[in-house]
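Structure first, commentary second.
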2 protein chains.
Amino acid sequence: MTSKLSTQHKILDAAQSLFAETGFNDTSLRQITSLAEVNLASVNYHFGSKKELIQAVLQRYLVVLMPRLDQEFTRLLASQQANNLSQVLSVFVKPLLELNKVHQNGTRIFLQLLGRGYTDVQGHLRWFFNHNYGRVLDKLVLLVQQACPDLPPGELFWRLHFSLGTVVFTMASNEALAEIAEADFNEKVDIEGVILRLLPYLSAAIAAPVSTVTPISHTAPLLAGEGR
Amino acid sequence: MTSKLSTQHKILDAAQSLFAETGFNDTSLRQITSLAEVNLASVNYHFGSKKELIQAVLQRYLVVLMPRLDQEFTRLLASQQANNLSQVLSVFVKPLLELNKVHQNGTRIFLQLLGRGYTDVQGHLRWFFNHNYGRVLDKLVLLVQQACPDLPPGELFWRLHFSLGTVVFTMASNEALAEIAEADFNEKVDIEGVILRLLPYLSAAIAAPVSTVTPISHTAPLLAGEGR
DNA sequence: TTCTGATTCAAACGTACATTTCAAACACCT
DNA sequence: AGGTGTTTGAAATGTACGTTTGAATCAGAA
């Protein structure tokens with residue numbers, strides 16, 4: 001079963017686990033190479049630097065996930081009928097779960113890494129992500145906008161980021177939560193279970209009625225475009 | 001105006017800003033003491049260690065917030081009529097905003113710190129938090145349970161943690177989000193604005209109908225257990 | 001085999017970190 | 001003023017980090 005893996009592969013496998021568990025900055029190359037059973041210098045030999053290793057770890061999943069999401073988004077945009085929010089969010093499920101083909105527990109690991117990327121590093125990974133895949137997410141914004149025509153663009157912006165936070169934080173602390181859930185409620189919940197629990201939560205949240213109690217002067221937003 | 005501050009106070013003020021901005025592990029005592037314009041050794045003299053400094057920074061807010069929340073929860077629990085979810089969540093607003101009395105931008109800083117505490121450190125801060133203030137949060141769980149009697153306890157557990165993720169992640173990246181929001185939508189949003197936007201989002205999310213959808217993965221084989 | 005480029009290895013480099021040390025400076029008492 | 005306990009200061013300690021180095025080892029072609 002355990003075929004002979006290249007050094008690069010062993011590094012990536014060890015790195016993703018440690019990165020997901022401990023975060024990027026709090027995982028040392030020595031931990032990684034020790035777990036991977038390779039020489040310390042091989043990381044810099046094969047990847048150049050720790051920063052590039054982090055990107056390589058993420059890219060392994062992103063190059064699979066993002067084209068897949070793009071394809072789903074494009075399909076939904078092409079269908080003339082308006083899609084409801086639940087349908088839009090549901091298209092995430094299959095592409096995300098297919099990351100388990102990239103690596104065992106790939107879905108969980110990727111989402112944890114995504115969470116780490118948003119909270120650990122200062123801007124750098126956020127830029128990398130938006131720069132490479134921003135156009136795909138623009139389609140998602142468009143779809144949600146169509147599904148929730150009554151939602152002002154500014155409100156939608158915030159709610160999408162709220163939702164990103166929900167997902168990312170949940171995955172970052174997924175292990176601890178799953179443990180508690182099993183201990184307290186006798187419910188064994190895997191990553192698919194969490195995703196399926198997230199869907200109705202996020203659907204209801206994003207489509208929630210807009211609050212009427214606003215202490216701030218309510219100026220009509222003119223500019224659209226999620227750019228940046 | 002700028003009265004003479006004690007060394008301890010200067011350290012706490014510098015530390016909370018840097019911790020909120022960069023995270024606990026990625027902020028060095030040298031940065032803190034440099035910003036506070038005190039000697040490096042004074043941190044260990046006054047607080048013992050970096051870990052204890054982190055706790056002291058958090059405690060300054062927790063000792064104000066948690067009794068305040070406890071009081072609100074108790075009040076709501078005492079009222080015989082059942083409270084709806086929106087009412088329950090609303091009790092967070094005032095206690096949170098009163099943290100601005102503890103320090104300028106105290107609400108934002110505290111929530112950012114809370115986010116850092118949940119994602120940065122390994123369990124340690126989570127334990128500290130649950131150990132000291134777990135009983136207060138139990139009352140919140142009870143209130144939400146009363147407001148959403150149809151929600152199974154297991155589902156409620158997950159949704160409360162989803163909500164924690166929403167808040168915590170939003171605050172961790174609050175500065176970046178607020179900047180984008182202002183640039184793209186011409187909306188100046190302060191911490192109060194974010195909190196008020198969160199309320200309807202979270203109310204709808206927690207009270208969302210429970211999904212009837214079952215996992216698409218085949219139920220027969222349990223290969224690739226997600227545990228560990 | 002011998003040559004050659006790619007990979008691995010042990011060791012070291014320079015930097016930054018939290019923490020400790022101990023003498024100097026300070027504040028507050030009588 | 002002198003004495004005492006508290007606080008600050010500059011410097012050093014030991015550890016860990018990412019990265020670099022140069023020799024040893026390997027794989028494949030001639």
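Chain naming here is simple, since letters A, B, ... match the order of the sequence lines and numbering starts at 1 in each. Note that the structure is a prediction, hence the values are computed from the model and not measured.
Atom NZ in Lys51(A) sits about 14 Å away from atom P in dG18(D), given to the nearest Å. Following rounding to the nearest Å, Asn44(A) (CG) and dG22(D) (C1') show an atom-to-atom distance of 15 Å. Taking atom CG of Leu29(A) as the reference point, atom P of dA16(D) lies 15 Å away to the nearest angstrom. Distance His46(A) NE2 to dT7(C) C1': 6 Å, rounded to the nearest Å. Distance, Leu40(A) CG to dC17(D) P: 10 Å, rounded to whole Å. For the pair Glu37(B) CD and dT7(D) P, the computed distance is 20 Å after rounding to whole Å. For Ile54(A) and dG18(D), the CD1 to C1' distance is 12 Å, given to the nearest whole Å. If you measure from atom CZ of Arg30(A) to atom P of dG18(D), you get 7 Å, rounded to the nearest angstrom.
Under the 4.0 Å criterion applied to side-chain N and carboxylate O atoms, Arg60(A) and Asp13(A) are assigned as salt-bridge partners.
Within 4.0 Å of Ser28(A), counting heavy atoms only, lie sugar-phosphate atoms of the nucleic acid but no base atom. Residue contacts shown for Thr27(A) are limited to sugar-phosphate atoms, with no base heavy atom under 4.0 Å away.
Ring centers of Phe92(B) and Phe73(B): under 6.0 Å apart, within the cut-off.
Here Asn39(A) reaches the OP1 or OP2 of dA10(C): one of its side-chain N or O atoms lies under 4.0 Å away. Contact annotation: Thr7(A) reaches the phosphate of dT8(C) (side-chain N/O to OP1 or OP2, under 4.0 Å).
Ranking dT8(C), dT19(D), dT6(D) by closeness to the Tyr45(B) side chain, first place goes to dT6(D).
Using a 30° and 60° split on the angle between ring planes, Phe157(A) and Phe185(B) fall in the tilted class, from 30° to 60°.
The one candidate from Leu156(B), Leu89(B), Val88(B) that meets the side-chain contact (heavy atoms from CB on, under 4.5 Å) condition with Ile206(B) is Leu89(B).
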